[in-house]
Amino acid sequence: MRSMSAAINFKSHLSELFAQALREVAPDQPDTSILIERPKQVAHGDYSCNLAMQLAKPLRKAPRDIANALIAALPKSAVVEKVEIAGAGFINVFITTVAKQQVVHGVLQAGAGYGHVHAGGGRKVGVEFVSANPTGPLHVGHGRGAAVGDCLCNVLHAAGWNVTREFYYNDAGAQIDNLTLSVQLRCKGVTPDDPSWPESGYRGDYITEVARGYIAKETVIADDQQVKACGDVNDAEAIRHFAVAYLRREQDLDLRAFQVEFDVFSLESALYTDGKVEETVKKLIASGHTYEQDNALWLRTTDFGDDKDRVMRKSDGGYTYFVPDVAYHLDKWRRGFVRVINEQGSDHHSTITRVRAGLQALNEGIPKGWPDYVLHQMVTVLKNGEEVKISKRAGSYVTLRDLIDEVGCDATRYFLAARHPDSQLVFDIDLAKSQSNDNPVYYIQYAHARVSTVLLQWGGDSAVLQHADVGVLDNEYETQLLQRMIDFPQVVEMAAEELAPHLIAFYLKELAADFHSYYNAVRILVDDEKLKLARLALIAAVAQVLKNGLALLGVSAPEKM
RNA sequence: GCGCCCGUAGCUCAGCUGGAUAGAGUACUUGGCUACGAACCAAGGGGUCAGGAGUUCGAAUCUCUUCGGGCGCACCA
């Protein structure tokens, strides 16, 4: 199977051939990068190489002459049909249909494993995402983080990385104090419209429910902890404990409804109780990068590229949030993550320099650009044509669960993950609801369901399709589908490399489009038995790739809709 | 004011780390179900890639700059 899929990787195969030709034609230019790309137009072949144009300057020769020399020096390959020179000096390579047809067997044999590559080499990568503080239900922004982060994890796993999904939350500090106070006031019957309600208090209705649960002495289970409310309105510590557990449980339910699961939950409070914060502070002081000023302890983060120094210990004796943050990342490093990716909203981007600076100051041999970050831009929510401002404190809110209930899990996930994280996203709830049939996710799922129906009508044993003679698959629709499936592993590899899960969504849309065109133009269940089996094998392979790709997005692949 | 991200068809968005005539979806105009699902397909019009300058065989992509939008700039997280 491995040798099969390696043989189907025409891109790397051609890359090797051109590398050999390069050594012969231009031995003095060994560092020239060999780029093999897929031309947009079929007339330009299946793959093209711009090596000749790159060499034109150093060799001081015409690109077309170099191209001729390269082609002459190109080792023979059974999969290459012909090689042409075009345009300014492109070398266009055409692959034999026979070689492309092998992808059908490759897909059917590999099954759910088709699209997996070993770029990651089994190395450990930790991906932290969502990481919402337990001060309210998850909103659309968290949803984007969840969709992008989870999809990224799936993609990295498929690319051969050993992935750990991690959720970090702050269960101490000022925001939690606000939460505790808000719940306590609600317990005492004070409402947000009361003049005594604090400015920084949380006003959402969910606070009332937490208070009700506390008074009713409910028991909640969250993160393997069981917390029973004592009901004492004056016991702030008990309220805090209960409120955090209650909201964590709510978030867990949101995440479950969104089909997202985490391997590890990390608590900020644990970093204190385990002594990791103290240890980090000591190490930073020992490093010589700290100083006392205005009754506070500062870290000279400007030594590491920050634009100003940062306070570590406030004059009231407490640490700023960034100290446990550094301690947390030191802990990640020690847990053996050669790579860590933090998926966050771009409103937190200022922490990047700070955390990296803190880690550099520790002098623990942590690489300079560690950890990596994927920042998604803000989500704007439109409802009734108007923007809904998301504010926990004001209580105006579009929760992730509302969205899932109204739009559906599959469509919500697709919508939030199918765009480049860098671009701002407008989530029009009415549009997503009323025109849900126009959502591309249904287009892709429909292709999958159509294949299922055809296979059902055929009624044969799909195991025999693995041995179908695919040599008859040679019309333009079929070769297009073959090539598209051949591309899939490289799309996965690219998505993992670029940390760009949206590439999967766009690939699937194209594969589905190729299939729908084929389906409309060519009949699958023809009388010719050999041709029928070949076509069935082809569409079964297409369905498998669709399913694998949808799985990366965390979207279902229904057999009927 | 400083830093990061963005600006591509009326609208929503791609554009494979510099390649060939800039692409999808949607909307609009047409055509296609007496053969496997019409949640589909086929065809058509629609562009100063925000503006300008530079780098080179070649720029939506890289650099500089102007304009416009978002987000940061705490002894909050």
Side-chain angles (χ1 to χ4, degrees), chain A residues 35 37-41 43-44 48 50 53-54 56-57 62-63 86-90 92 131 133 135 169-170 173-178 200 268 293-298 307-308 310-322 324-325 345-353 375-378 380 415 418-426 428 431 435-440 442-443 445-447 449-458 487 490-491 494-495 497-498 500 502-503 505-507 509-510 512-513 515-526 532 535-536 539 560-561:
Chain A
L35 183 67
E37 46 186 7
R38 297 260 298 107
K40 288 170 200 152
Q41 294 179 51
H44 293 154
S48 83
N50 65 356
M53 286 180 286
Q54 286 186 68
K57 195 167 193 182
F90 290 100
N92 294 334
S131 293
N133 286 337
T135 53
Y169 68 90
N170 172 316
Q175 297 307 324
I176 298 298
D177 292 342
N178 285 336
S200 58
E268 186 188 20
Q293 187 184 306
D294 302 332
N295 218 14
L297 179 66
W298 296 69
D307 53 2
K308 58 200 274 193
R310 305 292 166 176
V311 169
M312 291 170 58
R313 191 173 54 228
K314 299 180 280 183
S315 51
D316 69 3
Y319 293 112
T320 56
Y321 71 94
F322 119 88
D325 234 14
S346 65
D347 54 338
H348 288 91
H349 81 259
S350 62
T351 63
I352 297 176
T353 320
L375 302 178
H376 63 259
Q377 294 291 316
M378 300 288 93
T380 309
F415 204 79
R419 281 163 175 73
H420 192 110
D422 274 346
S423 65
Q424 285 165 232
L425 167 50
V426 178
D428 187 329
L431 193 76
Q435 303 191 347
S436 60
N437 284 356
D438 292 332
N439 193 308
Y442 295 108
Y443 182 80
Q445 289 179 320
Y446 185 50
R450 270 182 150 177
V451 175
S452 301
T453 305
V454 178
L455 289 173
L456 207 64
Q457 293 212 359
W458 167 57
D487 290 340
Q490 281 133 53
V491 172
M494 174 74 70
E497 207 174 291
E498 303 282 320
H502 72 284
L503 295 176
F506 281 89
Y507 169 83
K509 224 159 70 176
E510 285 169 348
F515 170 77
H516 286 307
S517 294
Y518 179 51
Y519 183 88
N520 271 277
V522 176
R523 183 164 170 78
I524 312 292
L525 298 174
V526 291
K532 179 171 75 182
R535 287 180 175 168
L536 284 166
I539 65 165
K560 56 179 163 186
M561 305 171 60

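Residue numbers begin at 1 in each chain, while the letters A, B, ... track the order of the sequences. Values below: all heavy atoms of this structure, side chains included; hydrogens, waters and symmetry mates excluded.
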Taking a pair as Watson-Crick or G-U wobble with both distances under 3.5 Å, which nucleotide is matched to G7(B)? C67(B)

With heavy atoms under 4.0 Å as the rule, sort V522(A) into base, sugar-phosphate or nothing. base

Using only heavy-atom distances, decide whether a donor-acceptor pair under 3.5 angstrom links the side-chain of E37(A) to the base of G19(B). no

G15(B), C13(B), A77(B): which one has an atom nearest the side-chain heavy atoms of S350(A)? A77(B)

Is a donor-acceptor pair below 3.5 Å formed from side chain N50(A) to base G19(B), judging by atom type as modelled? yes

Test your reading of the model: is there a side-chain donor-acceptor pair from S315(A) to the backbone of N295(A), 3.5 Å cut-off? no

Got a second to check how far D177(A)'s CG is from T135(A)'s OG1, nearest 0.5 Å? 12.0 Å

Taking any strand in view, what nucleotide pairs with U21(B) in a Watson-Crick or G-U wobble way, both distances under 3.5 Å? none

With a non-hydrogen cut-off below 4.0 angstrom, is T453(A) in contact with a base, only sugar-phosphate, or nothing? base

Within the structure shown, what part of the strands sits under 4.0 Å from D294(A) by heavy-atom distance: base, sugar-phosphate, or nothing? base

Base, sugar-phosphate or nothing for A56(A)? Non-hydrogen atoms, less than 4.0 Å. nothing

Please list, in numerical order, the residues of residues 315-322 of chain A that have a heavy atom closer than 4.0 Å to any atom of RNA chain B. S315(A), T320(A), Y321(A)

Distances for protein N/O vs nucleotides 40-43 of chain B N/O pairs under 3.5 angstrom?
unit_1: C40(B); atom_1: O2'; unit_2: R450(A); atom_2: NH1; d: 3.0
unit_1: C40(B); atom_1: O2'; unit_2: N520(A); atom_2: ND2; d: 2.7
unit_1: C41(B); atom_1: OP1; unit_2: Y443(A); atom_2: OH; d: 2.4
unit_1: C41(B); atom_1: O4'; unit_2: N520(A); atom_2: ND2; d: 2.9
unit_1: C41(B); atom_1: O3'; unit_2: S517(A); atom_2: OG; d: 3.3
unit_1: A42(B); atom_1: OP1; unit_2: S517(A); atom_2: OG; d: 2.9

Using Watson-Crick geometry (N1-N3 plus N6-O4 or O6-N4) or G-U wobble (N1-O2, O6-N3), each under 3.5 Å, C2(B) is paired with G72(B)

Under the 5.5 Å and 30° test, is H44(A) stacked on the base of A20(B)? yes

Could you pull out the protein-nucleic contacts involving nucleotides 28-30 of chain B (nitrogen or oxygen on both sides, under 3.5 Å)?
none

For C16(B), does either OP1 or OP2 sit under 4.0 Å from a side-chain N or O belonging to K40(A)? no

What nucleotide, of G15(B), A20(B), C75(B), holds the atom closest to the side chain of K314(A)? C75(B)

Verify the contact: side-chain N or O of S423(A) to OP1 or OP2 of A14(B), cut-off strictly under 4.0 Å; return yes or no. yes

Looking at every strand, decide which applies to M53(A) at a 4.0 Å heavy-atom threshold: base, sugar-phosphate, or nothing. base

Is any side-chain heavy atom of V522(A) closer than 4.5 Å to one of R535(A)? yes

Nearest-nucleotide check on RNA chain B, R38(A) vs V426(A); residue mapping nearer the 5' end is V426(A)

Taking 4.0 Å as the cut-off, does a side-chain nitrogen or oxygen of Q457(A) come that near to OP1 or OP2 on G37(B)? yes

Contact between Y321(A) and T351(A) at the side-chain level, heavy atoms closer than 4.5 Å - yes or no? yes

For the side chain of H348(A) and the base of G72(B), is some donor closer than 3.5 Å to an acceptor across the two? no

Please work out if S48(A) contacts a base, only the sugar-phosphate, or nothing of the nucleic acid, heavy-atom cut-off 4.0 Å. base

Please tell me if the side chains of H44(A) and F90(A) come closer than 4.5 Å, counting only heavy atoms from C-beta onward. no

Base, sugar-phosphate, or nothing: which does R523(A) touch, judged by heavy atoms less than 4.0 Å apart? base

Using purine N1 to pyrimidine N3 plus N6-O4 or O6-N4 for Watson-Crick, or N1-O2 and O6-N3 for G-U wobble, each under 3.5 Å, what pairs with G37(B)? none

When rounded to the nearest Å, what value does the distance between C1' atoms of G47(B) and U8(B) take? 8 Å

Sugar-phosphate only, base, or nothing, as touched by E510(A) at under 4.0 Å among non-hydrogen atoms: nothing

Phosphate OP1/OP2 of G15(B) contacted by H502(A) side-chain N/O (<4.0 Å): yes

State, to 0.1 Å, how close G345(A) and L375(A) come at their nearest heavy-atom pair, and which atoms those are. O-CD2, 4.0 Å

Give one of base, sugar-phosphate or nothing for N92(A), where a contact means two heavy atoms less than 4.0 Å apart. base

